[in-house]
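For reference, positions follow the sequence shown, starting with 1. Just so it is clear, the values below take in all heavy atoms, side chains as well, and ignore hydrogens, waters and symmetry mates.
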Amino acid sequence: MTIKLLAIGKTDDKELKSLIEGYAKRLSFYINFQLDIIPDIKNAKNLSESQQKQKEGELILEKINNTDVLVLLDENGKQYDSLAFSEYLQKQMNSGIKQLVFVIGGPYGFSDDVYNKSNGKLSLSKMTFSHQMIRLFFIEQLYRGFTILKNEPYHHR
């Protein structure tokens, strides 16, 4: 199985980018992982919230295959602790899917088309974080999940 993380906009902070790359590299020892960055919408300041969500949604859906399992990182999604998230990952791998795609949307969330195409929603917290920080938090949780599955000492129980 491949896990792909789709995100809107580049990571500007060099230190944050370095941490993201570090965890992505660690994660690659466990699973085929891809971070796919969708460029920011040009002239977004001239668009309404719904127009921006629609344009971002079109770009997201272009990156999704019909066989992909699409999970949105959304504030209204299901929350897991790290152990339960590792079990979720194991179930996805056991199901035989080829690609599990997680998506971090733009600042206004997702278009209705993206919500309709999704197979689920996941929330990392009830708090709001920057889209760049969420990348790091999510990739770290993926890494933590796989170390839990392998009974490695990264996660302390």
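Taking 4.5 Å as the limit, every side-chain heavy atom of Arg135 sits out of range of all side-chain heavy atoms of Tyr23. At least one side-chain heavy atom of Phe33 sits less than 4.5 Å from a side-chain heavy atom of Leu5. Considering only heavy atoms from C-beta on, Arg26 comes within 4.5 Å of Tyr154 through its side chain. Side-chain atoms of Leu100 and Lys4, non-hydrogen and from C-beta on, never get closer than 4.5 Å to each other. Tyr115 is not listed as a side-chain neighbour of Ser111, based on a closest heavy-atom distance of 4.5 Å or more. Side-chain contact between Glu56 and Leu59: absent, with no pair of heavy atoms (C-beta onward) separated by less than 4.5 Å. At a threshold of 4.5 Å between non-hydrogen side-chain atoms, the residues Leu61 and Asp113 count as touching. Taking the side chain as every heavy atom from C-beta outward, Gln132 and Lys10 never approach each other to under 4.5 Å.
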Validation: residues 82-92 side-chain donor-acceptor distances under 3.5 Å, sequence neighbours left out:
residue, atom, partner, partner atom, Å
Ser82, OG, Gln141, OE1, 2.8
Ser86, OG, Leu83, O, 2.6
Gln90, NE2, Asn94, OD1, 2.9

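Taking CG of Asp68 as the start and CD of Gln99 as the end, the distance is 4.5 Å to the nearest 0.5 Å. Distance check: Met133 CE to Leu124 CG gives 12.0 Å after rounding to the nearest 0.5 Å. The distance from the CZ atom of Phe138 to the CZ atom of Phe102 is 4.0 Å, given to the nearest 0.5 Å. Between atom CG of residue Leu136 and atom OG1 of residue Thr11 there is a gap of 9.5 Å, rounded to the nearest 0.5 Å. From Ile38, atom CD1 reaches atom CG of Leu6 across 5.0 Å, with rounding to the nearest 0.5 Å.
In terms of modelled atom types and a separation under 3.5 Å, the side chain of Asn119 and the main chain of Val71 share no donor-acceptor contact. Between the side chain of His131 and the main chain of Gly105, a donor-acceptor pair closer than 3.5 Å is present.
Residues Tyr108 and Gln51 bring no donor and acceptor atom of their side chains to less than 3.5 Å of each other.
Both cation-pi conditions hold for Lys78 and Tyr80: the charged atom is under 6.0 angstrom from the six-membered ring centre and inside a 45 degree cone around its axis.
The only member of Gln54, Lys42, Lys53, Lys55 that meets side-chain contact (heavy atoms from CB on, under 4.5 Å) when paired with Leu47 is Lys55.
Residue Lys17 places its NZ atom among 12 or fewer non-hydrogen atoms of other residues, nucleotides or ligands, all under 6.0 Å distant.
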* **Derivation and outcome, side chain to side chain contact (heavy atoms under 4.5 Å, CB included), residues Thr2 and Ile31** => CA-CA 7 Å; Thr2 296; Ile31 193 138; over 6 Å; no
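Here Lys63 pairs with Asp36 under the salt bridge (charged side-chain N to carboxylate O under 4.0 Å, His left out) rule; sequence neighbours left out.
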